[in-house]
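To keep things clear, I will list the structure first and then write my remarks on it.
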Amino acid sequence: MSGLRARQKADRHRRIIEAAAALFREAGYEGAKIEAIAAQAEVSIGTIYNYYENKGDILGAIVSLEVNEVLNAGRGVVARPPANVGDALDTLIGIYIEHSLHYLSKEMWRQAMAISTQLPDSPFGQAYTALDRSLTEQIRALIARLQEIGLVRQDIDGAALGELIFNNMNMMFIEFVKRDEARIPELRAAIRRQNRILVAAIGV
């Protein structure tokens, strides 16, 4: 019975997240109502409040889903990176960027960033920071792997380099999210252009 209950709970979570993501896109974060999310997910309003305290918590769950999916995909790149530093970085960062609007719209990202900035010590703010840290750690792990296989110089501070690459990518992503007219290919090209400088400096 416990296995069945777990599957049912996971199914309810999935339906709520999918319904909320769709409604946040259609009506905007402020315009989407909990009642509408419940109706589209085919659950009661009480069920939603059993899992989430407010819409911000639901948005946080969507952000977590987005980031955890790219982290899972990124593990394969870290384990078996392309045999070129530039390609390795571009492949990993490409996973992050190309997936970034799968569940979330730019408006949803702006809302998530605002909540994390305004309420950094809230559960949402702490979770958002932890997700950023996980992405940073994955880039650092890729640099360490490239050092292991002799593609990146051993004297490079890989941990600091990973932080630098993430921070730069993150700032460029924030600028991308601010502008509705900005497109993913432009963002990826801009990140590649800046990373070429690092790649030239760190390669063996």
Side-chain angles (χ1 to χ4, degrees), residues 21 25 59-60 62-117 120 125 127-204:
R25 283 178 176 277
L59 180 60
I62 298 170
V63 172
S64 293
L65 178 64
E66 187 90 70
V67 174
N68 282 313
E69 285 193 3
V70 301
L71 285 168
N72 286 335
R75 290 188 184 101
V77 180
V78 174
R80 297 174 299 281
N84 173 282
V85 178
D87 290 345
L89 285 174
D90 188 56
T91 301
L92 184 62
I93 290 172
I95 290 170
Y96 298 168
I97 300 301
E98 294 291 343
H99 200 285
S100 64
L101 300 180
H102 186 75
Y103 296 107
L104 293 119
S105 64
K106 288 188 178 183
E107 191 268 342
M108 291 162 69
W109 273 115
R110 289 193 290 264
Q111 188 68 42
M113 290 172 183
I115 295 172
S116 68
T117 301
Y128 193 95
T129 299
L131 291 169
D132 274 357
R133 193 176 300 117
S134 294
L135 291 168
T136 304
E137 287 299 325
Q138 189 165 74
I139 297 174
R140 291 170 67 174
L142 176 61
I143 298 299
R145 179 66 183 136
L146 294 174
Q147 287 179 312
E148 285 175 10
I149 60 180
L151 296 177
V152 169
R153 287 169 25 207
Q154 294 298 318
D155 63 324
I156 293 292
D157 183 341
L161 178 62
E163 292 165 9
L164 178 65
I165 291 168
F166 173 79
N167 290 338
N168 188 56
M169 175 193 73
N170 194 43
M171 182 53 66
M172 295 177 79
F173 181 70
I174 290 169
E175 292 301 316
F176 164 77
V177 165
K178 286 180 183 177
R179 298 186 297 115
D180 285 331
E181 70 276 11
R183 296 291 175 260
I184 282 178
E186 299 166 10
L187 174 61
R188 291 203 62 191
I191 293 172
R192 284 191 197 107
R193 180 175 59 83
Q194 294 193 9
N195 280 346
R196 281 193 202 105
I197 299 170
L198 289 174
V199 169
I202 67 176
V204 173

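Residue indices begin at 1 and follow the sequence shown.
Atom CD of residue E69 and atom OG of residue S64 lie 11.5 Å apart, to the nearest 0.5 angstrom. Between the CE atom of M172 and the CG atom of N195 there is a distance of 8.0 Å, given to the nearest 0.5 Å. Within the model, atoms CG of L161 and CD of Q147 stand 8.0 Å from one another, a figure rounded to the nearest 0.5 Å. In this structure, CG on L59 lies 7.0 Å from CD on Q111, to the nearest 0.5 angstrom. Rounding to the nearest 0.5 Å places CD1 of I184 at 7.5 Å from CD1 of I97. Expressed to the nearest 0.5 Å, how far CG of L89 lies from CD1 of I143 amounts to 5.0 Å.
Y96 and Q138 are linked by a side-chain donor-acceptor pair at a separation below 3.5 angstrom, with hydrogens and angles left out of the test.
In this structure, A160 and D157 approach most closely via the heavy-atom pair N-OD1, 3.1 Å. The shortest heavy-atom contact between L142 and A88 is CD2-O, 3.7 Å. Taking both residues in full, the closest heavy atoms of A201 and R153 are given as O-NH1, 2.5 Å, listed atom of the first, atom of the second, then distance. Of all non-hydrogen atoms in T91 and P82, the two that sit nearest each other are OG1-CG, 3.7 Å. Nearest heavy atom pair, residue Y128 against residue M113, reads OH-CG, 3.3 Å. In plain terms, the two heavy atoms of P81 and I149 that are nearest each other are CG-CD1, 3.9 Å.
Under a 3.5 Å cut-off, the side chain of W109 and the backbone N or O of F173 do not form any donor-acceptor pair. Looking at E66, its side chain never comes within 3.5 Å of a backbone N or O of L101 through a donor-acceptor pair. Between the side chain of R145 and the backbone N or O of V77, no donor-acceptor pair lies under 3.5 Å. In terms of modelled atom types and a separation under 3.5 Å, the side chain of N167 and the main chain of E163 share a donor-acceptor contact. Without hydrogens or angle criteria, N72 side chain to N68 main chain gives a donor-acceptor distance under 3.5 Å.
Taking the side chain as every heavy atom from C-beta outward, I93 and I165 approach each other to under 4.5 Å. Using a 4.5 Å heavy-atom cutoff, the side chains of Y103 and M108 are not in contact.
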What do the steps show when you test L151 against N84 for side-chain contact (heavy atoms from CB on, under 4.5 Å), and what is the final call? CA-CA 7 Å; L151 296 177; N84 173 282; over 6 Å; no
Given R183 and E186, is the salt bridge (charged side-chain N to carboxylate O under 4.0 Å, His left out) satisfied, shown in steps? CA-CA 6 Å; R183 296 291 175 260; E186 299 166 10; over 6 Å; no
Show your working on side-chain contact (heavy atoms from CB on, under 4.5 Å) between N170 and D132 and close with a plain yes or no. CA-CA 9 Å; N170 194 43; D132 274 357; 4.1 Å; yes
Please step through side-chain contact (heavy atoms from CB on, under 4.5 Å) for the pair M169 and Q194, ending with a clear verdict. CA-CA 9 Å; M169 175 193 73; Q194 294 193 9; over 6 Å; no
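Each of T136, V70, V67 was compared with L131 under the side chain to side chain contact (heavy atoms under 4.5 Å, CB included) criterion, and only V67 meets it.
For the pair E107 and R110, the salt-bridge criterion is not met [side-chain N within less than 4.0 Å of a carboxylate O]. Ionic pairing of E175 and K178 is present here: one or more N-O contacts between side-chain nitrogen and carboxylate oxygen are shorter than 4.0 angstrom.
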